[in-house]
Visitor: 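The structure's right below; bear with me while I get my questions together.
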Amino acid sequence: MKIAFIGLGAMGTPMARHLAKHHEVTVWNRTREKAERHAREHGTKVAADLAQCAAAEAIITILPTSREVDEVVEQLMPHLRKGTLWIDATSGDPNVSRETACRLAARGVAFVDAPVTGAVVGAENATLTIMIGGTAEDFEKAKKILEHNGKTIIHVGPVGAGHAIKVLTNSIMGATVWITSECLLVAKRYGIDIKTALAVTNAGSGRSNASENLLPMRLADHKWPLVFKLAHHDKDIRIAASIAHQQHASTPMLALTQQLFTASLNELGDQADYIEVAKIVAQMNGTSWE
Ligand code: NDP
């Protein structure tokens, strides 16, 4: 199958590499040099220009936000062919996706939102979980392609549902990272060794992905790798809060989480990792994790 892959970032680069083992993959990236390197190293083809991506049977986007996806859709619109499937793996905004899907449908192009979870390591190992919004028929088509990127591929509902559940589940994770950091900081200030506090947490009901996998390396070993940009995580939580707002839902925890993450992003900057919010938790208490 001819696939056009747009967006060779931290996630897109390994995803396109896996797809190229099974399909004819043409890549396009804003910074062309990355596309050229991908072609050299992974046997993909570089699109001469964005318009060339329209020749593919399926177009996959994985860009920072729905805004960039929309820009690409606009530029490709005059070139698109009837029967193409557009798979947007960005963690995007479900409201924007629904509008995008309508615009594409007018040109006979089907759209599914197919955000992913599992981090860069999941993209590297093709073990992502992929949540898809779209019709049952489009889901089946997208699944056939994305099964080279993920082990668990779930149809969650109509267009937009994939993006909605993705940002909601990331918000759960954000709130968990924050509260776990707060409680571990209090334990530390109480004089309890941080490794002991983590061990007890992980043996009991406070256990989570945050306490087991995300926080120990940072809080105990003081290693703060850039795994997932806080800017992306903040964007996800803001979208989740906007969905709640739209529903007139009362979600004070979600609202607070959004405020805390946005304040952290303003403090830490665009290149910070999402778990660096734990540094802000310490900073708010006039201390650090050292
Ligand atoms: P990166 O920041 O690593 O890459 C972003 C990509 O988008 C790059 O290819 C970049 O091109 C391109 N891009 C940025 N702006 C534009 C633009 N205006 N027009 C065209 N292309 C543009 O992002 P990730 O790969 O980390 O994340 C992509 C999406 O996946 C996000 O929505 C994120 O929330 C989600 N996600 C990320 C995970 C992670 O662990 N990183 C995990 C799960 C989901 P260029 O090379 O020129 O900068």
Side-chain angles (χ1 to χ4, degrees), residues 4-19 25-39 42 44 46-47 49-51 53 59-76 87-94 96-97 100 113-133 146 149-154 162-174 177 209 213-214 224-240 261 265 269-276:
F5 199 102
I6 299 175
L8 298 173
M11 298 297 284
T13 298
M15 287 175 72
R17 167 165 58 85
H18 285 297
L19 289 170
V25 176
T26 299
V27 292
W28 183 88
N29 193 65
R30 181 181 60 174
T31 306
R32 190 179 168 81
E33 197 277 325
K34 284 192 200 168
E36 286 167 354
R37 188 167 64 228
H38 201 278
H42 307 303
T44 48
V46 185
D49 52 24
L50 189 56
C53 293
I59 299 171
I60 301 179
T61 36
I62 180 155
L63 299 172
T65 73
S66 292
R67 195 179 55 230
E68 290 81 23
V69 175
D70 240 19
E71 286 169 13
V72 168
V73 168
E74 263 322 292
Q75 289 176 60
L76 271 181
I87 301 173
D88 182 24
T90 306
S91 297
D93 183 325
V96 179
S97 318
T100 304
D113 43 313
V116 304
T117 189
V120 175
V121 65
E124 291 285 352
N125 297 333
T127 54
L128 293 168
T129 293
I130 306 173
M131 49 219 96
I132 298 186
L146 296 173
N149 290 130
K151 289 226 179 303
T152 308
I153 304 179
I154 304 167
H163 280 157
I165 191 63
K166 166 69 193 178
V167 296
L168 290 165
T169 186
N170 262 15
S171 302
I172 296 171
M173 194 245 293
V177 167
N209 183 39
N213 302 314
L214 305 176
W224 299 86
L226 174 55
V227 175
F228 175 47
K229 286 180 192 155
L230 175 58
H232 289 327
H233 200 179
D234 169 65
K235 168 259 303 174
D236 292 347
I237 302 173
R238 278 188 291 113
I239 296 170
F261 271 69
L265 176 64
D270 264 6
Q271 295 309 309
D273 179 67
Y274 69 135
I275 306 299
E276 288 185 62

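Since this is a predicted model, take the numbers as computed values, not measurements. Just follow the structure's listing: the first ligand is 1, and inside any ligand the first atom is 1.
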Visitor: Checking Glu36 now: which residues fulfil side-chain contact (heavy atoms from CB on, under 4.5 Å) with it, not counting sequence neighbours?
Guide: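 So Glu36 forms a side-chain contact (heavy atoms from CB on, under 4.5 Å) with Arg32, Arg40, Val46.
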
Visitor: Below 4.5 Å, heavy atoms only, C-beta onward: do Thr117 and Lys166 meet side chain to side chain?
Guide: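 Yes, their side chains come closer than 4.5 Å.
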
Visitor: With Tyr274, which residues qualify under ring-ring contact (aromatic ring centres under 6.0 Å, His included), at least two apart?
Guide: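 With neighbours one apart ignored, the set is Phe228, His233.
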
Visitor: In this structure, which one of Ile62, Thr44, Asn29 forms a side-chain contact (heavy atoms from CB on, under 4.5 Å) with Phe5?
Guide: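 Checked Ile62, Thr44, Asn29 against Phe5; only one passes side-chain contact (heavy atoms from CB on, under 4.5 Å): Ile62.
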
Visitor: Under a strict 4.0 Å criterion on non-hydrogen atoms, which protein residues are in contact with ligand 1?
Guide: Gly7, Leu8, Gly9, Ala10, Met11, Asn29, Arg30, Thr31, Lys34, Ile62, Leu63, Pro64, Glu68, Glu71, Thr90, Ser91, Val116, Ala119, Val120, Lys166, Val227, Phe228, Lys229, His232, Lys235

Visitor: Scan Thr61, Val96, Val73, Asp113 and name whichever one has a side-chain contact (heavy atoms from CB on, under 4.5 Å) with Ser66.
Guide: Val96

Visitor: Taking only residues two or more places apart in sequence or in another chain, which ones pass ring-ring contact (aromatic ring centres under 6.0 Å, His included) with His42?
Guide: His38

